[in-house]
Participant: 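Shown below is the structure under consideration.
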Amino acid sequence: MPRVLEFLGQHAPDVACLQETKCDAQQFPEAELAQAGYRSIHHSGGRWAGVALLVRDGLDVSDPVYGLQGEVAHDEARWVEATIDGVRIASVYVPNGREVDSPTYAEKLTFLEAMAQRAPQLDVIAGDMNVAPSDVDVYDPSVFEGATHVTAAERTRLAAVMQAGGLVDAYRVLHPEPEVGYTWWDYRQGHFHRGMGLRIDLVLVDAEKIAPRLRSVGIDRDFRKGAKPSDHAPLLVAWS
DNA sequence: ATGTCACGCATGGCGTGA
């Protein structure tokens, strides 16, 4: 929470899409966030996962939906969406998948397929996709041979989400390959300070409604530093 | 080097899920 409040104070976003809130519904710090000027729309699943939309006071919020039609486990709390000032936006935490022969990998592919079914209803899908779209988004592809996050099956399904929804990868609109924009670094082995990251957190935006209005897309690496950082850094997206 | 992190459990370390 100290880092979240620091983030809200520093960047004053209209909307913050959170993943891995890791608390049950009763524990979600609605009051503390309200004190900071943000309304919470959250789907909380207890010890793991959990997603939320934090909306700055004064913006209109309607039609929240908790969970994703077709996902394997609603209780895992990996998807929440709402309409905010006319923009339909989802915060998502795609299952990690662990290993390609594990049940959670199959669950991950199913989740991505369910996202593609839902994508046409969304203007923005933001969150931890747990998929690196391209080898440029991986510090060393040879390390990930045979691993999750980079398989053709995952990348094909992520591309299908964008195709189905008419969405584009906001970071890549303003920062084409081969520019590197990692959003996650393992806590171990000093990966962050050695530049060993992945770009697995994406903001997908409607190609016609939003992409032409993009003003800036960037990653605030400072939030991966300091006291008790997340292992992810926030991706900041602004449009006019 | 699986070298980090946080948490629940019934501790004083181990399993879990990143």
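Throughout, a chain's letter reflects where its sequence line sits, starting with A, and its residues are numbered from 1. Computed from a prediction, not measured in an experiment: that's the story for all the values here.
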Participant: Using whole Å, what does the distance between atom P of nucleotide B:dG17 and atom CG of A:Asp231 come to?
Facilitator: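 A:Asp231 atom CG is separated from B:dG17 atom P by 16 Å.
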
Participant: Taking only residues two or more places apart in sequence or in another chain, which ones pass side chain to side chain contact (heavy atoms under 4.5 Å, CB included) with A:Pro229?
Facilitator: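 Only A:Arg3, A:Arg224 meet the side chain to side chain contact (heavy atoms under 4.5 Å, CB included) criterion with A:Pro229.
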
Participant: Do A:Val168 and A:Met162 have side chains that get closer than 4.5 Å, going by heavy atoms?
Facilitator: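 The answer is no; the side chains never approach within 4.5 Å.
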
Participant: Quick one: list whatever passes side chain to side chain contact (heavy atoms under 4.5 Å, CB included) with A:Ala119, sequence neighbours left out.
Facilitator: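 Partners of A:Ala119 under the side chain to side chain contact (heavy atoms under 4.5 Å, CB included) test: A:Ile125, A:Val161, A:Leu167.
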
Participant: What's A:Tyr93 touching, base or sugar-phosphate or nothing? Going by heavy atoms closer than 4.0 Å.
Facilitator: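 Sugar-phosphate, backbone atoms only, no base.
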
Participant: I'd like the P distance from B:dG3 over to B:dC14, given in whole Å.
Facilitator: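 That atom pair is separated by 13 Å.
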
Participant: By the ring-ring contact (aromatic ring centres under 6.0 Å, His included) test, which pairs, at least two apart or in different chains, include something from residues 44-81 of chain A?
Facilitator: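 Matches after skipping sequence neighbours: A:His43-A:His74.
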
Participant: A:Leu198 CG to B:dA18 P: how many Å, rounded?
Facilitator: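 Rounded to whole Å, this separation is 15 Å.
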
Participant: Round to a whole Å and report the spacing from CZ of A:Arg98 to C1' of B:dT16.
Facilitator: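 Rounding to the nearest Å, CZ of A:Arg98 and C1' of B:dT16 are 8 Å apart.
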
Participant: How would you summarise protein contacts on nucleotides 1-8 of chain B per nucleotide, using B for base, S for sugar-phosphate only and - for none, with heavy-atom distances below 4.0 Å?
Facilitator: -SBBSSBS

Participant: For B:dT2 versus B:dC7, give the span between their P atoms, rounded off to a whole number of Å.
Facilitator: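 Going atom to atom, P in each nucleotide, I get 25 Å.
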
Participant: Could you note down all residue pairs passing ring-ring contact (aromatic ring centres under 6.0 Å, His included) where residues 97-144 of chain A supplies at least one of them, sequence neighbours left out?
Facilitator: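 Counting only pairs at least two positions apart or across chains, the ring-ring contact (aromatic ring centres under 6.0 Å, His included) contacts touching residues 97-144 of chain A are A:Tyr139-A:Phe144, A:Tyr139-A:His191.
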
Participant: Roughly how many Å apart are B:dT11 and B:dA6, using the P atom of each and rounding to a whole number?
Facilitator: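 Rounded to whole Å, the distance is 23 Å.
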
Participant: Side chains of residues 9-18 of chain A: which donor-acceptor partners sit under 3.5 Å, not counting sequence neighbours?
Facilitator:
| from | atom 1 | to | atom 2 | distance (Å) |
| --- | --- | --- | --- | --- |
| A:His11 | NE2 | A:Asp220 | OD2 | 2.7 |
| A:Asp14 | OD1 | A:Arg56 | NE | 3.4 |
| A:Asp14 | OD1 | A:Arg56 | NH2 | 2.3 |

Participant: Taking atom P in both B:dG17 and B:dA1, compute the distance separating them and give it to the nearest angstrom.
Facilitator: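 So the two P atoms sit 26 Å from each other.
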
Participant: Given the C1' atoms of B:dG15 and B:dA10, what is the spacing between them in whole Å?
Facilitator: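 After rounding to an integer number of Å, I get 13 Å for this pair.
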
